[in-house]
Each structure stands twice: as structure tokens, then as C-alpha cells.
Participant: 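Have a look at this one before I ask anything.
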Amino acid sequence: MPMTDTYDNRPIAVFDSGVGGISTLSELTTLMPNESYLYFGDSLHAPYGSRTEEEVRAFTDEHIGRLIEKGAKAVVIACNTATGAAVSYLREKYAGIPIIGMEPAIKPAVEAYPGGRVLVMATPVTLASGKFRALMGTYEKNAEVIPLPCPNLAQMVEAGVLEGEALDAYLAELFLPFRDRPADAVVLGCTHYPFVREAIEKAAGKAEIFDGGSGTAREVQHQLRLHGSLTDRTTAGEVIIDNSDPTEERLRFSEKLLEVGREKCKARMSESS
Ligand code: DGL
């Protein structure tokens with residue numbers, strides 16, 4: 001079925017409610033540096049995690065529609081919240097264009113700790129979505145899967161709070177109920193959270209952290225291969241970052257996060273090699 005000898009040099013669209021999806025963009029550009037990317041963050045309307053599912057679907061539909069008009073060959077919804085609210089709708093609307101969403105990495109966490117306690121950090125909208133409930137239903141017979149809503153955490157990252165006392169205090173309170181019954185695994189179910197991974201690690205005690213970003217990047221590569229639409233470029237592709245908050249400050253911050261994200265990917269790869 002797959003056409004492996006065709007190629008497509010159009011960009012891959014990557015969308016998030018704000019700057020969080022840059023963690024996924026970092027994974028994508030590390031795995032497939034010769035592809036080009038059009039990133040759009042909707043920071044003007046972030047956080048999506050405290051909006052209604054209908055609002056999230058409407059914003060996501062509008063922005064992804066525009067990215068497709070600009071010629072994207074595939075779309076990555078680098079946002080768990082927007083995926084839960086809009087992925088099925090968008091796949092139906094844009095049949096033929098691969099649309100890859102995010103999903104909290106519960107599967108690898110449960111497989112690593114069968115019978116263990118797995119906390120899933122995510123926005124309230126993600127945790128209330130039918131998609132998440134179905135995912136949890138699949139795995140809760142194999143482990144104790146506990147949703148942990150983090151209402152303000154993505155917003156802290158949007159505001160540039162990546163470390164410090166306020167963040168540590170927020171996380172300490174979040175993990176307080178688990179001080180006497182610590183988790184084995186903590187799943188980062190929002191693409192903003194990898195940027196505060198170190199602070200989460202501190203608050204989560206001995207729990208192992210699971211992040212779906214690299215798995216999503218591999219899935220994107222797989223889908224492009226299936227569609228015969230990987231690039232044949234032999235040099236680095238272009239990465240364009242845009243935002244509904246088009247201030248210089250937002251764009252600089254986004255570029256800084258891409259650098260931070262790519263450093264983290266590199267460090268992880270050299271650790272595992
Ligand atoms: N980055 C988004 C996610 O993965 C959500 C952040 C927000 O609340 O806007 O769920």
C-alpha cells in the first residue's frame with residue numbers, strides 16, 4: 001500500500017493553544033530535521049484547558065483550516081486538549097490529510113508499572129473529554145490510573161515561569177495528597193509540561209515521568225511514510241513559528257523554548273546511546 005518512492009517537500013503544520021506544542025516541535029525537528037515546519041500557537045486564547053470543549057474545537061478548527069490553506073501536507077495537533085476536543089471532527093473534515101493528535105502516554109506508563117499507581121497530569125478539559133475517559137477505561141484494570149487536573153500549570157509556562165518558588169509551591173500542593181501513597185509513574189498529559197519537567201520531577205518524588213512527545217514524532221514519521229510524503233531534502237528544513245499573540249516577546253520566547261526543547265531531546269538521546 002505505501003508509496004515509499006514519492007516525496008513531498010511541503011511543510012508539516014504543528015498547532016497548540018500556545019507555546020507548549022514547541023515541546024513536540026522539538027521532538028519532530030530532532031527526528032526529522034530535513035522536514036520544514038509551520039508552527040502556530042494560539043497564546044491569545046490560551047489556556048484552552050479552562051475553556052469549553054466547543055470553544056476549543058472552534059479555535060482549533062479555525063487555525064488548522066488556515067494552516068492547511070497555507071499548504072501543510074500534514075497536521076500535528078500538539079495539544080492534548082485540542083486533540084480531545086477536535087481530532088475526530090478535523091479528520092472527517094480533512095480526509096486525505098494526515099492529522100496526528102496527542103494522547104497522554106498512559107500505555108507505556110502502565111506497561112512499565114503493571115498494578116502500580118499512575119498519575120496523569122493534564123488540563124481539566126482533557127481529563128473530562130470522552131477520548132480521555134475511553135483511554136483510561138482501557139488501562140485502569142492493569143493499574144491504578146489517577147487523573148490529576150492541573151488548572152494553572154500551562155498558564156504558568158505561557159507566562160514564562162519555568163522554575164522558581166511559585167512553580168515549586170504550586171506543584172507541592174498538587175502532589176500533597178500523594179505524599180503518603182506516592183505514584184510509580186507520572187504522565188505529562190499536556191505539551192506545556194515538558195518545559196517544567198525538572199520541577200515536576202522534584203515534586204513527584206521517585207515517580208518515573210512519561211511524556212508522549214517522542215512517540216508522537218515517530219507516529220508522524222510513520223504516517224508520512226505511509227502517505228509517501230516524507231521530504232527528499234538533504235539539508236535542514238525551515239521552521240516558521242507564528243502566534244496569535246504576534247509580539248516580539250512571544251516570538252523570542254517561542255524560539256528560546258525550541259532551543260531548550262531541542263537540547264533536552266539531544267541530552268536524552270545521548271543518555272540512551
Ligand atoms: N498544551 C495543551 C495540552 O497539551 C494545553 C494547554 C492549555 O490549557 O491551553 O493540553
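In what follows, residues are counted from 1 in the order of the sequence shown. In listed order, ligands and their atoms are each counted from 1.
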Participant: Heavy atoms only, cut-off 4.0 Å: how does D16 contact ligand 1, side chain, backbone, both, or neither?
Facilitator: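 Under 4.0 Å from ligand 1, D16 contributes side-chain atoms alone.
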Participant: Among T123, D42, D16, which residue meets the side chain to side chain donor-acceptor pair (under 3.5 Å) test with Y48?
Facilitator: D42
Participant: To the nearest 0.5 Å, what is the distance between CD (Q221) and CD (E35)?
Facilitator: 8.5 Å
Participant: Under a 4.0 Å heavy-atom limit, does P47 contact ligand 1 with its side chain, its backbone, both, or neither?
Facilitator: both
Participant: Could you check whether any side-chain heavy atom of P114 comes within less than 4.5 Å of a side-chain heavy atom of N142, counting everything from C-beta outward?
Facilitator: no
Participant: Got the closest protein heavy atom to atom 10 (O) of ligand 1, with its distance?
Facilitator: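 Checked against all protein heavy atoms, atom 10 (O) of ligand 1 sits closest to T81 OG1, 2.6 Å.
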Participant: Do R117's NZ or CZ and the ring of F178 fall within the cation-pi criteria of under 6.0 Å and 45°?
Facilitator: no
Participant: Closer than 4.0 Å to some heavy atom of C190 - which atoms of ligand 1 meet that?
Facilitator: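 Listed by number with element: 1 (N), 2 (C), 3 (C), 4 (O), 5 (C), 6 (C), 10 (O).
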Participant: Strictly distance-based, threshold 3.5 Å: is any side-chain N or O of R10 a donor or acceptor partner for the main-chain N or O of K73?
Facilitator: no
Participant: With a cutoff of 4.0 Å, is H192 in contact with ligand 1, counting heavy atoms of the residue only?
Facilitator: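 It does, in that a heavy atom of H192 comes within the 4.0 Å cut-off of ligand 1.
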Participant: Between atom CG of L135 and atom CG of N80, what is the distance when rounded to the nearest 0.5 Å?
Facilitator: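 Answer for the CG-CG pair, L135 versus N80, is 10.0 Å.
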Participant: Under 4.0 Å from a heavy atom of Y48: give me the atoms of ligand 1 that qualify, with their elements.
Facilitator: 7 (C), 8 (O), 9 (O)
Participant: Show me which atoms of ligand 1 lie under 4.0 Å from any heavy atom of N80.
Facilitator: 3 (C), 4 (O), 10 (O)
Participant: Looking at atom 2 (C) of ligand 1, what's its closest protein heavy atom, distance included?
Facilitator: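 Here the closest protein heavy atom is C79 SG, 3.2 Å.
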Participant: Could you please spell out the steps behind the side-chain hydrogen bond (donor to acceptor under 3.5 Å, both in side chains) verdict for E27 and T216?
Facilitator: CA-CA 8 Å; E27 298 283 355; T216 300; over 6 Å; no
Participant: If you round to the nearest 0.5 Å, how far is CG of L44 from OG of S244?
Facilitator: 4.5 Å
Participant: Looking only at protein heavy atoms, which one is nearest to atom 8 (O) of ligand 1, and how far off is it?
Facilitator: G49 N, 2.8 Å
Participant: Using a 4.0 Å heavy-atom cut-off, say whether A154 meets ligand 1 through its side chain, its backbone, both or neither.
Facilitator: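 It is the side chain that gets close, since no backbone atom is under 4.0 Å.
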Participant: With heavy atoms under 4.0 Å as the rule, classify the contact between T123 and ligand 1 as side chain, backbone, both or neither.
Facilitator: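 It is the side chain that touches ligand 1; the backbone stays farther off.
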